[in-house]
Amino acid sequence: MSQQKVDRYKKEKYNRKQQLKKEKRQHLLYSIAGSVAAVAIVTWIGFSVYSRVQANKPVTYTEVSLDAISDYMSAQAQD
């Protein structure tokens with residue numbers, strides 16, 4: 001091996017720990033960013049589906065007759 005190769009190998013060996021730390025840090029950041037993006041997309045899809053279902057849901061109205069209560073109150077007022 002030439003002296004240049006030996007020097008390059010020694011330099012790579014010397015910086016190997018720092019390089020591995022840097023690669024692990026980058027991998028962790030990419031994993032976190034990917035996870036956050038995935039959660040955001042899933043949340044957005046879920047919200048969109050929920051909104052669409054609620055918009056298509058028929059509205060129901062319940063009619064209540066208060067005639068009996070009105071009659072009772074008027075009877076009480078006369079007494």
Side-chain angles (χ1 to χ4, degrees):
M1 288 187 14
S2 68
Q3 189 62 37
Q4 290 174 342
K5 287 182 182 180
V6 172
D7 291 340
R8 186 176 53 212
Y9 176 76
K10 286 181 181 180
K11 187 176 179 182
E12 287 175 3
K13 186 176 178 183
Y14 178 74
N15 292 328
R16 192 171 293 153
K17 286 184 182 180
Q18 291 87 2
Q19 186 66 26
L20 284 175
K21 280 185 177 181
K22 183 178 178 182
E23 288 175 5
K24 286 182 182 180
R25 194 175 332 121
Q26 285 179 342
H27 180 71
L28 179 65
L29 290 175
Y30 288 142
S31 298
I32 290 172
S35 298
V36 168
V39 167
I41 290 171
V42 168
T43 303
W44 177 60
I45 290 172
F47 181 74
S48 297
V49 169
Y50 178 77
S51 297
R52 189 164 292 180
V53 167
Q54 290 299 322
N56 293 335
K57 188 176 178 182
V59 179
T60 58
Y61 296 102
T62 304
E63 192 171 318
V64 178
S65 175
L66 300 176
D67 293 337
I69 295 175
S70 299
D71 293 342
Y72 176 75
M73 294 300 286
S74 64
Q76 289 295 323
Q78 289 176 359
D79 290 337

Using residues 40-55 as the side-chain source, report each donor-acceptor pair under 3.5 Å to any protein atom, sequence neighbours left out, with the distance given to one decimal.
| residue | atom | partner | partner atom | Å |
| --- | --- | --- | --- | --- |
| Thr43 | OG1 | Val39 | O | 2.7 |
| Ser48 | OG | Trp44 | O | 2.9 |
| Ser51 | OG | Phe47 | O | 3.0 |

Just list the side-chain donor-acceptor pairs under 3.5 Å for residues 15-33, sequence neighbours left out, or say none.
| residue | atom | partner | partner atom | Å |
| --- | --- | --- | --- | --- |
| Asn15 | ND2 | Lys11 | O | 3.4 |
| Ser31 | OG | His27 | O | 2.9 |

* Contact check, side chains of Tyr14 and Lys10, non-hydrogen atoms, under 4.5 Å -> no

* Kindly work out whether a path of hydrophobic side-chain contacts (I/L/V/M/F/W/Y, heavy atoms less than 4.5 Å apart) joins Met73 to Val64. => yes

* Could you list the residues that satisfy side chain to side chain donor-acceptor pair (under 3.5 Å) with Asn56, not counting sequence neighbours? => none

